[in-house]
Amino acid sequence: RHRRENQLARLIARKHPNLGDRLLGVVELQEQSESNETLSPRLRAAAMEAVAAETARRKLDDSLPVSRHRRWSLAVIALFLLAGTALTLVPDAGLNSLKRWLLPLSATPRYTFTVLDHVPNELAVAQGEAFEIELVLAEKSEWQPESGMARYNRQDPVTAALDGRSYRFEFPGQQDPGNIRLEIGDARHSIRIIPSLPPTIDRSIADIELPGYLQLPNRSEDLPSGMVTAVEGSKVRLTVEASRKLAGGRFGPITPADVPAAETLVDAAEMSLRDQQASTPWIDVGAESLRVPMQWKDDIGLEGSKTFAIRIEALKDEAPVCYFDGLAGQRAILPEETIDFEVLASDDFGLKEYGIVWEGQL
């Protein structure tokens with residue numbers, strides 16, 4: 001800051017009032033522009049010389065403003081030493097802080113010594129049912145706190161102890177949406193909780209492929225009772241239609257329906273998905289009735305009933321029945337006579353053809 005003469009005089013007057021006033025008078029005197037008749041140039045010069053001589057005998061360093069350059073320099077050096085030490089001891093935290101300082105508008109997350117794996121921003125839970133959230137420490141987590149705390153809205157906080165590398169928080173059933181605030185070590189997270197009704201099965205369908213020898217077309221039928229009947233040698237494909245779009249579905253393991261704790265006939269496997277429907281592959285029907293359990297998950301992550309199962313009732317293909325009506329076991333007639341009778345036949349899957357064979361006896 002460059003000061004003018006009058007400003008310098010006022011600055012000196014703060015420490016040396018008398019000298020400062022005289023200096024200010026001299027500054028004002030040199031700026032006067034009167035003629036020689038009204039003001040003697042020699043007298044003005046003498047006054048200025050007298051003040052200059054007195055000023056020369058003084059040390060005016062103490063009149064200067066207090067310099068803070070050295071203080072600020074020391075503060076900056078100390079700050080750089082502190083930052084350098086932190087960068088050396090905890091390089092990840094130091095680099096994170098440096099990046100956030102250089103790029104304040106970037107989306108760089110805050111560095112924490114406690115790091116959790118895959119913390120969701122939003123989670124759907126079954127409405128009115130108790131639920132739990134399991135959080136796992138990441139491999140790179142430098143701090144592994146013995147416990148953590150979570151709080152749903154303004155309800156009482158829930159704590160969970162470290163078990164291996166995970167924390168399991170248990171919450172009571174909720175009706176209204178809310179937020180869970182997690183505090184584990186220096187990690188802070190917020191999870192949006194959305195209570196929703198679990199997905200239900202609105203419709204069950206069975207596609208039946210009959211054995212080839214029957215020469216009958218495939219058929220499809222609804223299963224309001226959760227059971228389908230199929231003849232031995234058939235193939236059945238089961239389809240369920242849920243109340244919401246599905247994100248996953250499994251069936252099995254398939255076991256005999258009437259044998260408690262029976263061995264597994266078909267291992268559990270994934271179902272094919274199409275919007276709200278999930279279908280099993282073709283299932284071979286043998287001599288035993290089958291129990292096919294199913295599980296499903298909707299697109300918001302909720303699971304359906306874990307006890308849902310469809311029964312496939314296996315039937316034997318009974319032999320056709322044929323008999324005569326209106327004809328006794330033995331009857332004598334004349335050569336010119338005729339007789340009338342009916343041939344009746346039935347089968348559980350229909351008849352292709354039937355007739356009679358006439359054989360004469362001598």
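Heads up: numbering here begins at 1 and tracks the sequence. As the structure is a computational prediction, the values presented were derived from the model and not from experiment.
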Side chain proximity check, [X] to [Y], heavy atoms < 4.5 angstrom:
{"X": "L315", "Y": "D348", "result": "no"}
{"X": "I194", "Y": "I300", "result": "no"}
{"X": "L238", "Y": "L223", "result": "yes"}
{"X": "Q144", "Y": "R165", "result": "yes"}
{"X": "Q174", "Y": "N153", "result": "no"}
{"X": "F171", "Y": "I180", "result": "yes"}
{"X": "D222", "Y": "R203", "result": "yes"}
{"X": "F308", "Y": "S204", "result": "yes"}

Main chain of [Y], side chain of [X]: is a donor-acceptor contact present, judged purely on distance under 3.5 Å?
{"X": "S166", "Y": "D163", "value": "yes"}
{"X": "D186", "Y": "F113", "value": "yes"}
{"X": "R71", "Y": "A75", "value": "no"}
{"X": "E337", "Y": "L334", "value": "yes"}
{"X": "T264", "Y": "V266", "value": "no"}
{"X": "D298", "Y": "L302", "value": "yes"}
{"X": "T280", "Y": "R237", "value": "no"}

What distance separates [X] [atom1] from [Y] [atom2], expressed to the nearest 0.5 Å?
{"X": "E288", "Y": "E232", "atom1": "CD", "atom2": "CD", "value": "10.0 Å"}
{"X": "M227", "Y": "S289", "atom1": "CE", "atom2": "OG", "value": "8.5 Å"}
{"X": "E303", "Y": "W296", "atom1": "CD", "atom2": "CH2", "value": "10.5 Å"}
{"X": "I333", "Y": "T338", "atom1": "CD1", "atom2": "OG1", "value": "7.5 Å"}
{"X": "D207", "Y": "E221", "atom1": "CG", "atom2": "CD", "value": "9.5 Å"}
{"X": "Q276", "Y": "L246", "atom1": "CD", "atom2": "CG", "value": "7.5 Å"}

Assess the residue pair V292 and I312 against the criterion (side-chain contact (heavy atoms from CB on, under 4.5 Å)); give the C-alpha distance rounded to whole Å, side-chain angles, the decisive distance to 0.1 Å, and a yes or no. CA-CA 8 Å; V292 185; I312 300 178; 4.0 Å; yes

Step through the shown structure and confirm whether more than 12 heavy atoms of other residues, nucleotides or ligands are within 6.0 Å of [atom1] on [X].
{"X": "E336", "atom1": "CD", "value": "yes"}
{"X": "Q175", "atom1": "CD", "value": "yes"}
{"X": "Y354", "atom1": "OH", "value": "no"}
{"X": "R181", "atom1": "CZ", "value": "no"}
{"X": "R192", "atom1": "CZ", "value": "yes"}

Would you please test R188 and E183 for side-chain contact (heavy atoms from CB on, under 4.5 Å) and show each step? CA-CA 5 Å; R188 303 290 184 270; E183 296 181 10; 3.5 Å; yes

Are [X] and [Y] in one and the same hydrophobic cluster, where Ile, Leu, Val, Met, Phe, Trp and Tyr link if side-chain heavy atoms are under 4.5 Å apart?
{"X": "L162", "Y": "V136", "answer": "no"}
{"X": "I356", "Y": "I339", "answer": "yes"}
{"X": "L265", "Y": "F251", "answer": "yes"}
{"X": "V285", "Y": "V259", "answer": "no"}
{"X": "Y213", "Y": "I208", "answer": "yes"}

Distance-only side-chain donor-acceptor flag, S305 / T307, under 3.5 Å: yes

[X] to [Y] - nearest heavy-atom pair and separation:
{"X": "P293", "Y": "P253", "value": "CD-O, 3.5 Å"}
{"X": "E170", "Y": "V158", "value": "O-CG1, 3.5 Å"}
{"X": "F169", "Y": "L182", "value": "CE1-CD2, 4.1 Å"}
{"X": "V343", "Y": "C322", "value": "CG1-SG, 3.9 Å"}
{"X": "S346", "Y": "L351", "value": "N-CD1, 3.9 Å"}
{"X": "L137", "Y": "D117", "value": "O-OD2, 4.0 Å"}

Verdict with supporting geometry, T159 and S147, side-chain contact (heavy atoms from CB on, under 4.5 Å): CA-CA 7 Å; T159 59; S147 63; 5.6 Å; no

Which is it for R291 and R311 under the side-chain contact (heavy atoms from CB on, under 4.5 Å) test, yes or no, and what are the steps along the way? CA-CA 5 Å; R291 181 180 183 273; R311 180 186 175 98; 5.9 Å; no

Which one of S220, S272, S279 satisfies the side-chain hydrogen bond (donor to acceptor under 3.5 Å, both in side chains) criterion with T239? S279

